[in-house]
**Student:** 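There's a structure below that I have some questions on.
Computed from a predicted model, the values in this text were never measured in an experiment. Read the numbers this way: they start at 1 and go in the same order the structure lists the ligands and their atoms.
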Amino acid sequence: MTNPPFSFSGQHVFVAGGTSGINLGIAQAFARAGARVSVMSRSPDKVQQAEASLQALGAQALGISADVRDAAAVQAALTQAHAQFGPIDVLVSGAAGNFIAPAKDLSANGFKTVVDIDLNGTFHVLRMAYPLLRKPGASVISISAPQGVNPTMYQVHACAAKAGIDMMTRVLALEWGEVGVRVNAISPGPIADTEGMRRLAPSPEALQRATDTVPLQRMGSLDDVAHMALFLSSPLASYVTGAIIPVDGGAALRGGRDMRASYVPRAEA
Ligand code: COA
Ligand code: NAP
């Protein structure tokens, strides 16, 4: 993206899980649009590289290492970011983990791990950020997925977690509307060159199948998703809250993708 369509000059954008893929694309789009950007994830190396990439775009940037499953660590990270850049104008919660697994072979800890990262992690991020959000005016965006609405075989963990995020989005839109905080979610379709697609479409054939299910007949780009985050956080979206917005080329209209042919048992992977 060369010409950002909106200016976020001086605003503080915090992106949980913002050190790679779709979420880093969002962080970079806000950096290009003039925001001060905080990103948080587990890996200190990824945090450091993401911070440097945001600074290379001319933004004031802060990277913090923390695990969204640890509510106290999330609170400490948000407090550190608030101390550096002030009230949070835009909060993005996008940390997630996923893999293809049939429910009958998924351990209790495998299911719990994905729900802990995606769903409980999103609650931690939104809940701990609440006192630090700009009120009125803040835009909260969670990153969902088509699995939140489409039953998808071999994705019971992600389906349950993302459906929970969708409902959390609606409930918090109800609760936080009265203080002028808008709460929305973006549901990306298959996005090219991401870890999510490497895991869910791990072969050229699987990638082709994924592309074929998209009515617009192409994979999405990082910018496709980032542009929606910019729009949702701009004055143009000031009456939009409680929405779960697909950015998927229409893919969700076809229902859940069939992951069975893409599944490789771990012993063979
Ligand atoms: N199939 C089935 N179960 C799996 C699995 C797979 N491919 N990968 C991990 N698990 C299970 C593990 O076996 C373990 O359960 P167990 O203790 O009963 O054996 C459980 O999940 C936790 O695995 P672990 O590797 O300890 O978790 P972690 O906290 O280190 O990592 C993951 C979390 C598993 C989600 C890891 O893949 C990750 O960090 N993902 C982040 C990146 C990502 O997924 N990006 C795409 C986003 S859409
Ligand atoms: P990704 O690059 O793996 O991004 C995941 C991010 O979350 C990374 O920055 C990762 O960094 C961080 N993270 C993971 N576990 C974490 C934890 N426990 N605590 C803190 N941070 C954690 O994957 P992606 O494909 O871009 O996916 C990004 C988001 O888009 C996810 O919410 C995913 O569900 C959603 N999505 C993706 C697609 C797609 O096509 N890729 C489609 C629909 C929805 P660390 O490893 O350093 O923690």
Side-chain angles (χ1 to χ4, degrees), residues 15-27 39-51 63-71 73-74 77 92-122 124-125 141-150 152 154-159 161-162 165-166 185-202 207 210-211 214 219-222 224-226 228-229 244 246-249 251-252 257 259 262-269:
V15 186
T19 62
S20 60
I22 289 172
N23 306 320
L24 178 58
I26 291 171
V39 289
M40 186 200 94
S41 81
R42 293 167 302 176
S43 158
D45 285 350
K46 286 176 70 174
V47 164
Q48 193 274 324
Q49 284 166 25
E51 183 188 78
I64 305 168
S65 178
D67 191 318
V68 292
R69 290 169 284 193
D70 180 343
V74 170
V92 179
S93 176
N98 201 4
F99 43 77
I100 303 177
K104 70 178 176 55
D105 299 328
L106 182 61
S107 71
N109 192 41
F111 183 85
K112 178 179 183 299
T113 295
V114 172
V115 171
D116 274 351
I117 299 171
D118 295 27
L119 179 56
N120 296 341
T122 293
H124 295 156
V125 170
I141 300 171
S142 295
I143 306 301
S144 186
Q147 289 93 323
V149 288
N150 291 323
T152 307
Y154 296 9
Q155 286 283 275
V156 67
H157 40 305
C159 286
K162 295 295 192 181
I165 289 174
D166 288 358
I186 296 174
S187 178
I191 305 300
D193 300 322
T194 58
E195 183 61 22
M197 285 313 289
R198 280 187 279 280
R199 287 167 181 244
L200 300 187
L207 276 175
T211 308
V214 180
M219 306 267 281
S221 67
L222 299 182
D224 285 327
V225 182
M228 180 55 72
I244 293 119
V247 178
D248 67 354
R257 206 148 56 76
M259 304 270 173
S262 304
Y263 174 56
V264 182
R266 266 201 291 178
E268 299 167 27

**Student:** On a heavy-atom basis, which atom in S187 and which in A145 lie closest, and how many Å separate them?
**Tutor:**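 In terms of heavy atoms, the two residues are closest at OG-C, 3.0 Å.
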**Student:** Carefully, step by step, assess V39 and N23 under the rule side-chain contact (heavy atoms from CB on, under 4.5 Å).
**Tutor:** CA-CA 9 Å; V39 289; N23 306 320; over 6 Å; no
**Student:** Just to confirm my output: which protein heavy-atom neighbour is closest to atom 17 (O) of ligand 1, and how far is it?
**Tutor:**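 Minimum-distance protein heavy atom for atom 17 (O) of ligand 1 reads N109 ND2, 2.9 Å.
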**Student:** Could you walk me through whether E195 and N98 pass the side-chain hydrogen bond (donor to acceptor under 3.5 Å, both in side chains) check?
**Tutor:** CA-CA 9 Å; E195 183 61 22; N98 201 4; over 6 Å; no
**Student:** Give me the residue, atom name and distance of the protein heavy atom closest to atom 30 (O) of ligand 2.
**Tutor:**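 Looking only at protein heavy atoms, the one closest to atom 30 (O) of ligand 2 is I143 CG2, 3.4 Å.
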**Student:** Checking a contact table here: which protein heavy atom is nearest atom 48 (O) of ligand 2, and how many Å away?
**Tutor:** R42 NE, 2.7 Å
**Student:** Give a yes/no verdict on whether any heavy atom in S187 is under 4.0 Å from an atom of ligand 2.
**Tutor:**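 Under 4.0 Å: no for S187.
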**Student:** With side-chain hydrogen bond (donor to acceptor under 3.5 Å, both in side chains) as the test, would you mind laying out the steps for K46 and S20 before giving the verdict?
**Tutor:** CA-CA 7 Å; K46 286 176 70 174; S20 60; 3.0 Å; yes
**Student:** How about atom 23 (O) of ligand 1: does it have a protein heavy atom within less than 4.0 Å?
**Tutor:**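 Within 4.0 Å: no protein heavy atom nearby.
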**Student:** Between V114 and G97, which heavy-atom pair has the shortest distance, and what is it?
**Tutor:** CG1-O, 3.4 Å
**Student:** Taking all heavy atoms of I100 and all of Q155, pick out the closest pair and write down the distance.
**Tutor:** CA-NE2, 4.0 Å
**Student:** Just go through A95, G148, A16, S93 and tell me whose heavy atom is the nearest to atom 22 (C) of ligand 2.
**Tutor:**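 Answer by nearest heavy atom: A95.
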**Student:** Is the shortest N/O to N/O distance between E195 and ligand 1 below 3.5 Å?
**Tutor:**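 Not met; the criterion fails.
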**Student:** Any chance you could measure D70, atom CG, to D116, atom CG, to the nearest 0.5 Å?
**Tutor:**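 Answer for the CG-CG pair, D70 versus D116, is 11.0 Å.
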**Student:** Kindly give the heavy-atom pair with the smallest separation between A50 and L24, and that separation in Å.
**Tutor:** CB-CD1, 4.0 Å
**Student:** Determine whether the side chain, the backbone, both or neither of A66 has a heavy atom under 4.0 Å from any heavy atom of ligand 2.
**Tutor:**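 Backbone only.
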**Student:** What protein heavy atom is closest to atom 29 (C) of ligand 2, reported as residue, atom name and distance in Å?
**Tutor:**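 Heavy-atom neighbour on the protein nearest atom 29 (C) of ligand 2: G94 O, 3.6 Å.
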**Student:** H124 side chain to V68 main-chain N or O, any donor-acceptor pair under 3.5 Å?
**Tutor:** yes
**Student:** Considering non-hydrogen atoms of the protein only, which is the closest contact for atom 39 (O) of ligand 1, and what is the distance?
**Tutor:** R42 NH2, 2.9 Å
**Student:** So is there a nitrogen or oxygen of G196 less than 3.5 Å from a nitrogen or oxygen in ligand 2?
**Tutor:**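 Among all N and O atoms of G196, at least one is under 3.5 Å from an N or O of ligand 2.
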**Student:** Yes or no: does G97 have any heavy atom under 4.0 Å from an atom of ligand 2?
**Tutor:** no
**Student:** For D67 and R69, indicate whether the former's side chain and the latter's backbone hold a donor-acceptor pair under 3.5 Å.
**Tutor:** yes
**Student:** Which protein heavy atom lies closest to atom 34 (C) of ligand 1, and at what distance to 0.1 Å?
**Tutor:**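 For atom 34 (C) of ligand 1, the nearest protein heavy atom is F99 CE2, 4.0 Å.
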**Student:** Quick one: which ligand 2 atoms are inside 4.0 Å of a heavy atom on G21?
**Tutor:**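 Matching atoms, with element in brackets: 2 (O), 26 (O).
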**Student:** Can you pull out the closest protein heavy atom to atom 37 (O) of ligand 1? Residue, atom name and distance to 0.1 Å, please.
**Tutor:**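 Here the nearest protein heavy atom works out to R199 NH1, 2.8 Å.
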**Student:** Strictly less than 4.0 Å: does any protein heavy-atom distance to atom 29 (O) of ligand 1 fall in that range?
**Tutor:**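 Within 4.0 Å: yes, protein heavy atom nearby.
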**Student:** Which heavy atom in I244 sits nearest to a heavy atom in D166, and how many Å separate them?
**Tutor:**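 Residues I244 and D166, closest heavy atoms: CD1-O, 3.6 Å.
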**Student:** Please state whether K162 comes within less than 4.0 angstrom of ligand 2, counting heavy atoms only.
**Tutor:** yes
**Student:** Does any N or O atom in P146 lie less than 3.5 angstrom from one in ligand 2, N or O only?
**Tutor:** no
**Student:** Looking only at protein heavy atoms, identify the closest one to atom 15 (O) of ligand 1 and say how far it is in Å.
**Tutor:** S107 OG, 3.2 Å
**Student:** Quick one about T122 and S142 (side-chain donor to acceptor, distance below 3.5 Å, no hydrogens or angles considered), yes or no?
**Tutor:** no
**Student:** Please compare D67, V264, T113 and report which has the shortest non-hydrogen distance to atom 27 (O) of ligand 1.
**Tutor:**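 Ranked by closest heavy atom to atom 27 (O) of ligand 1, first place is T113.
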**Student:** List every atom of ligand 2 that sits less than 4.0 Å from any heavy atom of M197, numbering the atoms from 1 in the order shown and giving each element.
**Tutor:**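 Matching atoms, with element in brackets: 40 (O), 41 (N).
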**Student:** Record the part of P190 in heavy-atom contact with ligand 2 below 4.0 Å; permitted values are side chain, backbone, both and neither.
**Tutor:**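 P190 to ligand 2: backbone contact only, side chain stays beyond 4.0 Å.
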**Student:** Counting heavy atoms only, which part of S144 comes closer than 4.0 Å to ligand 2: side chain, backbone, both or neither?
**Tutor:** backbone
**Student:** For I117 and ligand 2, does the shortest N/O to N/O distance drop below 3.5 Å?
**Tutor:** no
**Student:** Please report whether ligand 2 has a polar contact with T194, defined as an N or O pair separated by less than 3.5 Å (distance criterion only).
**Tutor:**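 N/O-N/O distance below 3.5 Å exists for this pair.
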**Student:** Among all protein non-hydrogen atoms, which one is nearest to atom 47 (C) of ligand 1, and what is the separation to 0.1 Å?
**Tutor:**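 Atom 47 (C) of ligand 1 sits closest to the protein heavy atom A96 O, 3.8 Å.
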**Student:** Considering only protein heavy atoms, which is closest to atom 10 (N) of ligand 1, and at what distance to one decimal place?
**Tutor:**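 Its nearest protein heavy-atom neighbour is R266 NH1, 3.6 Å.
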**Student:** Tell me, which protein residue and heavy-atom name are nearest atom 8 (C) of ligand 2, and how many Å apart are they?
**Tutor:**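 Nearest neighbour among protein heavy atoms for atom 8 (C) of ligand 2, to 0.1 Å: S20 OG, 3.3 Å.
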**Student:** Between R69 and ligand 1, which part of the residue brings a heavy atom under 4.0 Å of the ligand: side chain, backbone, both or neither?
**Tutor:**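 Looking at R69 and ligand 1, just side chain atoms fall under 4.0 Å.
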**Student:** Considering only the protein, which heavy-atom contact is closest to atom 23 (O) of ligand 2, and what is its distance?
**Tutor:**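 Heavy-atom neighbour on the protein nearest atom 23 (O) of ligand 2: E195 CB, 3.9 Å.
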**Student:** Pick, from P102, G110, G97, the option with the minimum heavy-atom distance to atom 20 (C) of ligand 1.
**Tutor:** G110
**Student:** Just to confirm my output: which protein heavy-atom neighbour is closest to atom 27 (O) of ligand 2, and how far is it?
**Tutor:**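 Protein heavy atom at minimum distance: I22 CD1, 4.3 Å.
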**Student:** In Å, rounded to the nearest 0.5 Å, how long is the span from CG of D105 to OH of Y263?
**Tutor:**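 Answer for the CG-OH pair, D105 versus Y263, is 5.0 Å.
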**Student:** Below the 3.5 angstrom mark, is there an N/O of V68, backbone or side chain, next to an N/O of ligand 2?
**Tutor:** yes
**Student:** Between S221 and D224, is any side-chain donor less than 3.5 angstrom from a side-chain acceptor?
**Tutor:**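 Looking only at side-chain atoms, D224 and S221 do form a donor-acceptor pair, the distance falling under 3.5 Å.
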**Student:** Is there at least one protein heavy-atom neighbour under 4.0 Å from atom 44 (O) of ligand 1?
**Tutor:** yes
**Student:** In the protein, what heavy atom is nearest to atom 45 (P) of ligand 2, and what distance, to one decimal place, separates them?
**Tutor:**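 Here the closest protein heavy atom is S41 OG, 3.5 Å.
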**Student:** To the closest 0.5 Å, what do you measure between CE (M197) and CD1 (I191)?
**Tutor:** 8.5 Å
**Student:** Once you round to the nearest 0.5 Å, how far does OG1 of T211 lie from CE of M219?
**Tutor:** 5.0 Å
**Student:** Tell me: protein heavy atom nearest atom 42 (C) of ligand 2, and distance?
**Tutor:**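 Sorting protein heavy atoms by distance from atom 42 (C) of ligand 2 puts G189 O, 3.2 Å first.
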**Student:** Verify the distance criterion only: is there a donor paired with an acceptor across the side chains of T19 and S41 at less than 3.5 Å?
**Tutor:**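 A pair is found: one side chain offers a donor N or O, the other an acceptor, under 3.5 Å apart.
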**Student:** If I take atom CG from residue L106 and atom NZ from residue K112, how far apart are they, to the nearest 0.5 angstrom?
**Tutor:** 13.0 Å
**Student:** Using a distance threshold of 4.0 Å (strictly less than), state whether atom 13 (O) of ligand 1 has a protein heavy-atom neighbour.
**Tutor:** yes
**Student:** Does either side chain, that of H157 or that of D118, offer a donor lying less than 3.5 Å from an acceptor on the other one?
**Tutor:** no
**Student:** Which pair of non-hydrogen atoms, one from D248 and one from P188, has the smallest distance, and what is that distance?
**Tutor:**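 Heavy-atom minimum between the residues: CB-C, 4.2 Å.
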**Student:** For ligand 1, note which part of K112 has a heavy atom under 4.0 Å away: side chain, backbone, both or neither.
**Tutor:** neither
**Student:** If you count the atoms of ligand 2 from 1 in the order shown, which ones are under 4.0 Å from a heavy atom of A145?
**Tutor:**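 Listed by number with element, the hits are 43 (C), 44 (C).
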